[in-house]
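Reckoned from all heavy atoms, side chains included, excluding hydrogens, waters and symmetry mates. Quick caveat: nothing in here was measured; it's all calculated off a predicted structure.
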Amino acid sequence: MSDALSDDGSVNQDDSQEDVMTPAELIAKLEEAWLNEKFSPELQENKSEVVECVMEQLTHMEENLQRVKKGDAKACIHRMEIDRIRFVLSSYLRSRLQKIEKFFPHVLEKEKSRGEGDPSLLSPEEFAFAKEYYANTETYLKAVALKRMPPNLQTMDMLKAVPEPCLDSFVFLRVKERQENILVEPETDDQREYVVDLEEGSQHLMRYRTIAPLVSSGAVQLI
């Protein structure tokens, strides 16, 4: 992990790069990842670098808070901000774990089939959790049900047994970068597919499947 806090609290994204992320920009990145994870029907790409940097930033803020005199109004404001960031971070990680538990065979299959160089869907810790959850679920089902079934019914395909994320659900989004020629699929049989342009700053209600690549690229933000 190359991300680290600089002496002034800013975040170095890479020692070989000159770009530096300020604490405010880091928190904005976390909030963006949180909202996308919260409102998308499927698990998003993991943001472990952002999570680790935010945890380091929280430690830095706690240390600064210790130097503030008791009774100072700044201490109360800083404490509320620390609590707010902790809530967002906890909610983000909780949302990811809930999706892993709900769609675990599909999550593992997608992680297994991703191409070399593609971003990882799971952090190492999440991957270990998903595999353990899969193994425990399989063991439990065999112990309480499958072993009592006829021999030809004692196996189960988890990919078929566990529902997939519903990518056809609708989501609200805000456009961060103008997009042209977005193909929108028809809602009914008597409609035709059509193309729309998404203007920067505009808000829309659209099928998630249509804009999923734009969420991944950061061109749109779920709200």
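- The structure places CD1 of Ile85 at 11.5 Å from OG of Ser90, a figure rounded to the nearest 0.5 Å.
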Practice item. Mind running side-chain contact (heavy atoms from CB on, under 4.5 Å) on Ile182 and Gln179 for me, showing each step along the way? Key: CA-CA 7 Å; Ile182 302 300; Gln179 302 294 315; 3.9 Å; yes

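- Distance alone, capped at 3.5 Å, places no donor-acceptor pair between the Ser91 side chain and the Val88 backbone.
- Side chain to side chain, Gln221 and Asn36 meet the donor-acceptor criterion of an N or O pair below 3.5 Å.
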Point to revise | Stepwise side-chain contact (heavy atoms from CB on, under 4.5 Å) test for His106 and Leu43 | key: CA-CA 10 Å; His106 305 288; Leu43 190 70; over 6 Å; no

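- In this structure, the side chain of Arg114 does not engage the main chain of Lys110 through any donor-acceptor pair within 3.5 Å.
- Between the Thr210 side chain and the Met206 main chain, no donor and acceptor come within less than 3.5 Å of each other.
- Judged purely by distance below 3.5 Å, without hydrogens or angles, the side chains of Ser123 and Lys47 never pair a donor atom with an acceptor atom.
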Exercise answer: donor-acceptor pairs, residues 164-171 side-chain atoms, under 3.5 Å, sequence neighbours excluded:
unit_1	atom_1	unit_2	atom_2	d
Asp168	OD1	Arg209	NE	2.9
Asp168	OD2	Arg209	NH2	3.4
Ser169	OG	Cys166	O	3.0

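- Linking Ile, Leu, Val, Met, Phe, Trp and Tyr whenever their side-chain heavy atoms come within less than 4.5 Å leaves Leu97 and Leu35 in two separate clusters.
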Exercise for review: Quick one: do Ser120 and Glu111 satisfy side-chain hydrogen bond (donor to acceptor under 3.5 Å, both in side chains)? Show the steps, please.
Suggested key: CA-CA 7 Å; Ser120 176; Glu111 180 72 5; 2.8 Å; yes

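- Put simply, the side chain of Val175 does not reach to within 4.5 Å of the side chain of Gln203, judged on heavy atoms.
- Proximity of Leu173 to Ile223: side-chain heavy atoms (C-beta onward) are nowhere separated by under 4.5 Å.
- Of the residues listed (Phe129, Phe104, Phe103), the one engaging Tyr134 in a ring-ring contact (aromatic ring centres under 6.0 Å, His included) is Phe104, and it is the only one.
- For the atom pair CG (Leu198) and CD1 (Ile211), the distance works out to 9.0 Å, reported to the nearest 0.5 Å.
- Heavy-atom neighbours of Glu109 CD from other residues, nucleotides or ligands within 6.0 Å: above the threshold of 12.
- Using a distance-only test at 3.5 Å, with no hydrogens or angles considered, a donor-acceptor pair links the side chain of Arg96 to the main chain of Gln44.
- Looking at Asp118, its side chain does come within 3.5 Å of a backbone N or O of Gly115 through a donor-acceptor pair.
- Counting heavy atoms from C-beta outward, Val50 and Leu26 have side chains that approach closer than 4.5 Å.
- Here the side chain of Lys99 pairs a donor or acceptor atom with the backbone of Ser40 at under 3.5 angstrom.
- Residues satisfying the ring-ring contact (aromatic ring centres under 6.0 Å, His included) criterion with Phe39, sequence neighbours excluded, are absent altogether.
- Residue pairs meeting the ring-ring contact (aromatic ring centres under 6.0 Å, His included) criterion with at least one member in residues 68-102: none, sequence neighbours excluded.
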